[in-house]
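The structure displayed is predicted, hence computed values, not measured ones. Index from 1, following the sequence.
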Amino acid sequence: MTTTTRSRVPTGATRAAPPASSTSQARARRAAGRRRLTACGVLMAPFLALLVTVFLIPVGTAVYLGFYSDDQPGLGFGPERTVFVGLRSYAAVLTDPTFLGGLGTVALYCLIYLPLMVVGALALALLLDSGVVRLRALAQLGLFLPHAVPGIIAALIWLYLYTPGISPVIELLARADVTIDFLGIHTVVPSIVNIALWSNLGYNTVVFYAALRAVPREVIEASVVDGAGPVRTALQVKTPLVRASIVMVAIFTLIWALQLFTEPMLLSQSSPMISSRFSPSMYIYDAAFTRNNYGLAAAASVVLLVCTIALSYAVTRFTSRADVPEEAR
């Protein structure tokens, strides 16, 4: 009888080492991961440098300055010194009726400007993409040219057209017995909206047109085969496919509108309806360079930044929820 002896591995004995091939593969994967991280770091370095330089440092400086103010002890006869005031400047901004009025003015401006800009630019882009417009390249150039005009020059051009006595538009309307004050109390905001539309409508039209050109032609042809007319194809086929571009333009337009400054600043030279604190940006400029209150200007800047971030987040959140199917919510 043959007796089979089983070899027992003593407790605590070292297990056999893994094959060399698996070890080398693991090292290769780790090395590849390090190379990817290094490449990502190198590619992201310019963006991070710009982000820190032009955004984080200025924001941090504004937040810091908002906690300090220049004070003169001794009933105003002592030497001026910078003292820590805590949230006093922020409270002063949030309780200042002129700043709150400026926020209301900008809110009204956004309610008029934002829908007109997005809907108008999208409509022009759909017309260009439909083939109704001839010489589309020339039409795009004509729409884009006003955007190439600097904002100050555009405001000066429209200031000339809005000023009674020298405006050919007002003179032409007067001959037709139509009297209108473009810089009156009820028309000053629409007049500013008109300047902004003239300057930026063509740019956003080009953005939408580029997005529409990327829509697969097969989808459009299928809608035509199904019996959809030009209007239905534009509204129910093309528009949903460029939703991401619409959201992007809406957010960028909102951010730009909240920083309203150039147009009312120049128009204020000819209209008493536009005060030096007409918008939050003008309030900040007045506090810093007219009243020399840098703490108040910094606090107002931070408040405007918070409002901008909150509204941009709200728009992004709303549009992202609209993309989620009802049953997935």
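The aromatic rings of Trp158 and Trp198 sit perpendicular, their planes meeting at an angle over 60°, well past the 30° parallel limit. Ring orientation note: the planes of Phe84 and Tyr68 are nearly perpendicular, at an angle over 60° on the 30°/60° scale.
Contact record, Ile112 with Pro115: O-CD, 3.7 Å, taken as the closest heavy-atom pair. In plain terms, the two heavy atoms of Leu260 and Ser281 that are nearest each other are O-CB, 3.5 Å. Taking every heavy atom of both residues into account, Pro240 and Gln236 meet most closely at CG-O, 3.5 Å. Shortest non-hydrogen contact noted between Val85 and Ser69 is CG1-CB, 3.8 Å. Contact detail for Pro280 and Phe99: the closest heavy-atom pair is CB-CE1, 4.0 Å. Summarising the geometry of Val106 relative to Ala257, their closest heavy-atom pair is CG1-O, 3.9 Å, with the distance given to 0.1 Å.
For Arg232, the CZ atom counts as loosely surrounded, since its 6.0 Å shell holds 12 or fewer non-hydrogen atoms of other residues, nucleotides or ligands. Remark: Arg217 CZ is packed, more than 12 non-hydrogen atoms of other residues, nucleotides or ligands lying under 6.0 Å away. Within a 6.0 Å radius of CD1 in Ile152, other residues, nucleotides and ligands contribute 12 heavy atoms or fewer.
Considering only heavy atoms from C-beta on, Leu201 stays 4.5 Å or farther from His147 through its side chain. The closest side-chain heavy-atom distance from Leu128 to Leu143 is below 4.5 Å. The shortest side-chain heavy-atom distance between Leu173 and Val169 falls under the 4.5 Å cut-off. Ile170 has its side chain within reach of Phe182: a pair of non-hydrogen atoms, C-beta onward, lies under 4.5 Å apart. Contact annotation: the side chain of Ile255 approaches that of Ser312 to within less than 4.5 Å [non-hydrogen atoms, C-beta and beyond]. Two residues are said to be in side-chain contact when any heavy atoms from C-beta on lie closer than 4.5 Å; Tyr162 and Ser270 fail this criterion. By the 4.5 Å heavy-atom criterion applied to side chains, Tyr90 and Leu296 are not counted as neighbours. Within the 4.5 Å cutoff, the side chain of Thr105 has no heavy atoms near those of the Tyr109 side chain.
Rounding to the nearest 0.5 angstrom, the gap separating the CG atom in Leu56 from the CG atom in Leu50 is 11.0 Å. Within the model, atoms OG1 of Thr38 and CG of Leu43 stand 11.0 Å from one another, a figure rounded to the nearest 0.5 Å. Put simply, CD1 on Ile251 and OG1 on Thr316 are 3.5 Å apart, with the number rounded to the nearest 0.5 Å. Note that CG of Asn204 and CG of Leu122 are 10.5 Å apart. Values are rounded to the nearest 0.5 Å. Rounding to the nearest 0.5 angstrom, the gap separating the OG1 atom in Thr95 from the CG atom in Leu100 is 7.5 Å. One finds the OG atom of Ser167 at 7.0 Å from the OH atom of Tyr160 (value rounded to the nearest 0.5 Å).
Among residues at least two apart or in separate chains, ring pair (Phe, Tyr, Trp, His ring centres under 6.0 Å) pairs with a member in residues 251-277 are Tyr113-Trp256, Phe261-Tyr285.
Side chain of Ser130 to backbone of Leu127: a donor-acceptor contact under 3.5 angstrom is found. The closest donor-acceptor contact from the side chain of Ser223 to the backbone of Ile220 lies under 3.5 Å. One N or O on the side chain of Ser268 and one on the backbone of Met265 form a donor-acceptor pair closer than 3.5 Å. Judged by distance alone, the side chain of Ser271 and the main-chain N or O of Leu183 form a donor-acceptor pair under 3.5 Å. At distances below 3.5 Å, not a single donor-acceptor pair connects side-chain atoms of Thr205 with backbone N or O atoms of Ala125.
A salt bridge links Glu171 with Arg175; the closest basic N to acidic carboxylate O contact falls under 4.0 Å.
Under the 4.5 Å side-chain heavy-atom criterion for grouping Ile, Leu, Val, Met, Phe, Trp and Tyr, Leu111 is not connected to Val188 through any hydrophobic cluster. When the side chains of ILVMFWY residues are joined at heavy-atom separations under 4.5 Å, either directly or via intervening members, Tyr203 and Leu126 end up in a single hydrophobic cluster. In the hydrophobic cluster analysis, where Ile, Leu, Val, Met, Phe, Trp and Tyr join through side-chain heavy atoms closer than 4.5 angstrom, Met248 is grouped together with Leu114. In this structure, Val83 is not a member of the same hydrophobic cluster as Leu65, with clusters built from ILVMFWY side-chain heavy atoms closer than 4.5 Å. Leu311 and Tyr313 fall into different hydrophobic clusters, where Ile, Leu, Val, Met, Phe, Trp and Tyr side chains are chained together by heavy-atom contacts under 4.5 Å.
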(request) Decide yes or no on side chain to side chain contact (heavy atoms under 4.5 Å, CB included) for Thr239 and Arg243, but give the supporting numbers first. (result) CA-CA 6 Å; Thr239 300; Arg243 183 184 182 88; over 6 Å; no
(request) Given side chain to side chain contact (heavy atoms under 4.5 Å, CB included), test Cys110 with Leu258 step by step and report yes or no. (result) CA-CA 8 Å; Cys110 291; Leu258 291 173; 4.0 Å; yes
(request) List the steps, then state whether side chain to side chain contact (heavy atoms under 4.5 Å, CB included) holds for Phe278 with Asp286. (result) CA-CA 10 Å; Phe278 181 78; Asp286 178 75; over 6 Å; no
(request) Output, in order, the C-alpha distance, side-chain angles, deciding distance and verdict of side chain to side chain contact (heavy atoms under 4.5 Å, CB included) for Ile195 and Ser191. (result) CA-CA 7 Å; Ile195 300 175; Ser191 296; 5.9 Å; no
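For the residue pair Tyr283 / Asp96, a side-chain donor-acceptor distance below 3.5 Å is found, with atom types taken as modelled.
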